[in-house]
Colleague: 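Here it is, the structure in full.
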Amino acid sequence: MIRRVWPVLLAAALSAACTHVPQKSALAEWSPSRNFDDRRPRLIVLHATEMDSAEGALRVLKSANSGGRVSAHYLIAEDGRIVQLVKDSQRAWHAGGGRWGGYNDLNSVSLGIELDNDGEEAFAPAQIESLLRLLADLCQRHAIPREAVIAHGDMAPTRKRDPSARFPWQRLAEAGFGLWYGDDLPEPPAGFDAALALRAFGYDTRDLPAAVRAFTRRFRGEEREALDDTDRRILFDLLNGGARP
Ligand SMILES: [Zn+2]
């Protein structure tokens, strides 16, 4: 009697303890090849913790916040210390719902970096220097394009605004990461459709004012819901490759 019940209990206990989905199809014969490697992230998403301390953020990233369980691959403290919480090849839970370009499950294709910052203060120089070193390491090891570095607010414009309008995107671009615009901004051609251009750049424009807020936060350091003439020139320049470091 007990012997019959045990396998059922064991199976139930194992399935409760393990949230991973099965990695092999029951429909197929398993005939393994040795020719494979880990899946490769294609994007890097930057966050601000919007908390008061790196220690507090670490606790949350190992457990949960008010919205449920969360994590990130890396946390960079204000003093520049870099902590890794999830292996690069694994899927951390940092992005949530959102879109960027053709991607709509950002957790599956990205690495998440949290910066210890309360969401209002300036970013510490030592923290940015560590971020630049980490970006160089990640882009080199995983062959991630150096411009493929975006804000959480870029991919979830209706929900998120981190890493805030104070994040130094121009400094990043000068070091070769992300995109920035040139000093000489050409006039877009007649008929230039800014909403279409935002979408081509990567933004989800289904809520256009939210997409414009994300764009102006990142490229103008302020949040607005309508593009001005300079914004349109910047957008046009970015679509043409932007500034080259
Ligand atoms: Zn975030």
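Both counts, for ligands and for their atoms, begin at 1 and track the order of listing. Not measured: the values here are computed from a predicted model.
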Colleague: Who passes side chain to side chain donor-acceptor pair (under 3.5 Å) against Asp229, sequence neighbours left out?
Modeller: Arg233
Colleague: Between the side chains of Arg213 and Glu222, is the shortest nitrogen-to-carboxylate-oxygen separation below 4.0 Å, so that they form an ion pair?
Modeller: no
Colleague: Would you mind telling me which of Ile144, Leu46, Ile44, Leu135 makes a side chain to side chain contact (heavy atoms under 4.5 Å, CB included) with Phe177?
Modeller: Leu135
Colleague: State which residues pass side chain to side chain contact (heavy atoms under 4.5 Å, CB included) with Leu196; sequence neighbours excluded, sorted by chain then number.
Modeller: Asp193, Arg199
Colleague: Assess whether side chain to side chain contact (heavy atoms under 4.5 Å, CB included) is satisfied between Arg91 and Val109, documenting all intermediate values.
Modeller: CA-CA 8 Å; Arg91 186 175 177 274; Val109 295; over 6 Å; no
Colleague: Please list all pairs passing the salt bridge (charged side-chain N to carboxylate O under 4.0 Å, His left out) test where one or both residues lie in residues 150-162, with sequence neighbours left out.
Modeller: Asp154-Arg218, Arg161-Glu223
Colleague: Could you give me a count of protein N/O/S atoms that are under 2.8 Å from the Zn ion (ligand 1)?
Modeller: 3
